[in-house]
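Sequence positions, counted from 1, serve as the residue numbers for this chain.
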Amino acid sequence: RFIFAKSRGTSDNAVTVVQDDDNLGSILFEGTDGTDTTTAAAIDCAVDGTPGSNDMPGRLVFSTTADGASSPTERLRIDSSGNTGINCTSGGGKLAILANATTYEGLELQTPSGDGSGEFHIGVHQTGTTSGRSIVVKRGGADGMDTESLRIDANGRVTVGGTSASASGPQYSRLQVLGNSFAETTGLFSLRRNEVFGDITAGEDLGVIHFADRTGNTFAEIHGECDGTTGSGDYPGRLSFHTTSDGASSTTE
């Protein structure tokens, strides 16, 4: 064990209580630069709240020195509540990530090969003010493309396959789907039953669009249904339209 202990007392074995933000101990990793010794990284423990009898809240801080710098900068913090901040000191959840100041990306998911193929980047896009912030998911790839795949903007609108639409006209819908610019420019929206054709029988729904109020009361529906016996290369289908009559609470075809 290595034990780093701090007291605010000035004599041996003093037990004067420490205070919030007091540094309790540090581990420094240093290297000589040809002139003197410089810190490359550090791990610090500090008091993270008001201590008392048998009450010693603490935090761990991990710092590294950037290329071209001579002193460490905090990169990761685990506070007394177990909240973790990456490139930030706090957040509203258990994990907070401060996005890259240039690309606004905060999280990157890579394939096991780590070759850049299939990467996804999740971050925030900002257009000047808090009201202009959006959550953005980008797709990477070995071809060097960094294509935006999904965006949730500050108004709660979801755009798949591109950036948010304008705030006027039909483009102001909550969900917008853009076509794949590499293979298909037409916007496609697909509803699929979670079965293969051989398990689907006549009359079964393949997908339903509900028109309802915020509590789920349905006013109208459009059903995509199987319209016969299925087989390889044989997928009979039909559309049925349903509305709720005045004075009724359920739809009728």
Show the nearest heavy-atom pair for residues [X] and [Y], with the distance to one decimal.
{"X": "Thr201", "Y": "Cys226", "result": "O-CB, 3.4 Å"}
{"X": "Asn217", "Y": "Thr215", "result": "ND2-OG1, 2.9 Å"}
{"X": "Ala14", "Y": "Gly9", "result": "CB-CA, 3.6 Å"}
{"X": "Leu28", "Y": "Ala42", "result": "CD2-CB, 3.5 Å"}
{"X": "Leu191", "Y": "Ile209", "result": "CD1-CG1, 4.0 Å"}
{"X": "Gly49", "Y": "Pro51", "result": "O-CD, 3.3 Å"}

For atom CZ of Phe4, is the number of surrounding heavy atoms from other residues, nucleotides or ligands below 6.0 Å larger than 12?
-> yes

Flag the pair Arg193 and Asp205 as a salt bridge only when some basic side-chain nitrogen lies within less than 4.0 angstrom of an acidic carboxylate oxygen.
->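 No, no charged N to carboxylate O under 4.0 Å.
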
Quick one: do Asp44 and Arg77 make a salt bridge, cutoff under 4.0 Å?
-> no

Say whether [X] and [Y] are linked into one hydrophobic cluster, either directly or through other cluster members, by side-chain heavy-atom distances under 4.5 angstrom.
{"X": "Val208", "Y": "Leu175", "answer": "no"}
{"X": "Ile43", "Y": "Leu76", "answer": "yes"}
{"X": "Leu95", "Y": "Phe62", "answer": "yes"}
{"X": "Val177", "Y": "Val158", "answer": "yes"}
{"X": "Ile97", "Y": "Leu60", "answer": "yes"}

So Phe189 and Val160, side chain to side chain contact (heavy atoms under 4.5 Å, CB included) or not? Walk me through it.
-> CA-CA 10 Å; Phe189 184 77; Val160 180; over 6 Å; no

Where the side chain of [X] meets the backbone of [Y], is there a donor-acceptor pair that is under 3.5 Å apart?
{"X": "Asp48", "Y": "Ser80", "value": "yes"}
{"X": "Ser7", "Y": "Thr16", "value": "yes"}
{"X": "Thr65", "Y": "Thr39", "value": "yes"}

For residues 230-240, dump all side-chain donor-acceptor pairs below 3.5 Å to protein atoms at least two apart in sequence or in another chain.
{"unit_1": "Thr230", "atom_1": "OG1", "unit_2": "Phe197", "atom_2": "O", "d": "2.6"}
{"unit_1": "Tyr235", "atom_1": "OH", "unit_2": "Gly233", "atom_2": "N", "d": "3.2"}
{"unit_1": "Arg238", "atom_1": "NE", "unit_2": "Glu225", "atom_2": "OE1", "d": "2.6"}
{"unit_1": "Arg238", "atom_1": "NH1", "unit_2": "Asp227", "atom_2": "OD1", "d": "2.5"}
{"unit_1": "Arg238", "atom_1": "NH2", "unit_2": "Glu225", "atom_2": "OE1", "d": "3.2"}
{"unit_1": "Ser240", "atom_1": "OG", "unit_2": "Glu225", "atom_2": "OE2", "d": "3.0"}
{"unit_1": "Ser240", "atom_1": "OG", "unit_2": "His242", "atom_2": "NE2", "d": "2.8"}

Run through Val47, Asn83, Asp21 and flag the one making a side-chain contact (heavy atoms from CB on, under 4.5 Å) with Arg59.
-> Asp21

Pairwise distance [atom1]([X]) to [atom2]([Y]) - rounded to 0.5 angstrom:
{"X": "Thr50", "Y": "Gln19", "atom1": "OG1", "atom2": "CD", "result": "9.0 Å"}
{"X": "Phe219", "Y": "His210", "atom1": "CZ", "atom2": "NE2", "result": "14.0 Å"}
{"X": "Lys94", "Y": "Ile78", "atom1": "NZ", "atom2": "CD1", "result": "11.0 Å"}
{"X": "Glu253", "Y": "Thr243", "atom1": "CD", "atom2": "OG1", "result": "10.0 Å"}

Does some side-chain heavy atom of Leu24 sit less than 4.5 Å from a side-chain heavy atom of Cys45?
->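 SC-SC contact between Cys45 and Leu24 confirmed.
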
Side-chain heavy-atom pair Thr244, Thr252 within 4.5 angstrom cut-off | no

Donor + acceptor pair across side chains of Thr64, Arg75 (<3.5 Å) =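 Their side chains do contain a donor-acceptor pair, which is all the 3.5 Å distance test asks for.
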
Donor-acceptor pair between Thr251 and Glu221 side chains, under 3.5 angstrom |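 Their side chains do contain a donor-acceptor pair, which is all the 3.5 Å distance test asks for.
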
Given side chain to side chain contact (heavy atoms under 4.5 Å, CB included), test Lys6 with Asp22 step by step and report yes or no.
-> CA-CA 9 Å; Lys6 175 183 175 63; Asp22 275 358; 3.7 Å; yes

For the pair Phe211 and Thr218, evaluate side chain to side chain contact (heavy atoms under 4.5 Å, CB included) and give the outcome as yes or no after the intermediate values.
-> CA-CA 6 Å; Phe211 301 89; Thr218 302; 5.9 Å; no

Where do Glu30 and Thr37 land on the side chain to side chain donor-acceptor pair (under 3.5 Å) test, with the steps shown first?
-> CA-CA 6 Å; Glu30 299 186 341; Thr37 302; 5.0 Å; no

